Each structure stands twice: as structure tokens, then as C-alpha cells.
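In each ligand, atom 1 is the first atom listed, and ligand 1 is the first ligand listed. Quick note: numbers below take in every heavy atom, side chains included, and nothing from hydrogens, waters or symmetry partners. This is a predicted model, so every value here is computed, not measured.
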Amino acid sequence: MSPKIESHFVKVKCNDCGNEQITFYRVSTTVDCHVCGARLADPTGGFSSLKGEIVEEVE
Ligand SMILES: [Zn+2]
């Protein structure tokens, strides 16, 4: 039995600068915008607390 791994990605749009960035749906560390440095996601109990808008889910 292997554990179910949810490894899909989401594309998140930065609220501050509009940059679209692909990140894990679940993160273990904070994720910052590559362009302006704004916080895009915080790890919260194994799930991402996404600050930006999810543009699309990526397989
Ligand atoms: Zn940004």
C-alpha cells in the first residue's frame, strides 16, 4: 500500500502585481511571488492557505 500523494499544482495569480506562478497545491514552506515578493501561500495543517487567486489547476 502506497500512500495517496496529491501532487498536483495550481497556478496562482499574485494580488499585488498580477504575476501568475505555478506552485504546489500543498506546500510545506511559505511561497513568495517571484516578481514582487508578496506572500502567495502559507502552509496550514498540510494544506496551502493561498493568498492569491487560483487561475487554474495544473495536472
Ligand atoms: Zn507579485
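- Without hydrogens or angle criteria, Asp42 side chain to Leu50 main chain gives no donor-acceptor distance under 3.5 Å.
- Judged purely by atom type and a 3.5 angstrom limit, Glu53 has no side-chain atom pairing as donor or acceptor with the backbone of Asn15.
- The salt bridge (charged side-chain N to carboxylate O under 4.0 Å, His left out) pairs that include a residue from residues 27-38 are Asp32-Arg39, where partners are two or more places apart or lie in different chains.
- Near the Zn ion (ligand 1), less than 2.8 Å away, sit the protein N, O or S atoms Cys14 SG, Cys17 SG, Cys33 SG, Cys36 SG.
- With a 4.5 Å cut-off on side-chain heavy atoms, Cys14 and Val35 do not count as touching.
- Pairs of residues two or more places apart, or lying in two chains, that qualify as salt bridge (charged side-chain N to carboxylate O under 4.0 Å, His left out) and include a residue from residues 10-21 are Lys11-Glu56.
- Two residues are said to be in side-chain contact when any heavy atoms from C-beta on lie closer than 4.5 Å; Val55 and Val12 fail this criterion.
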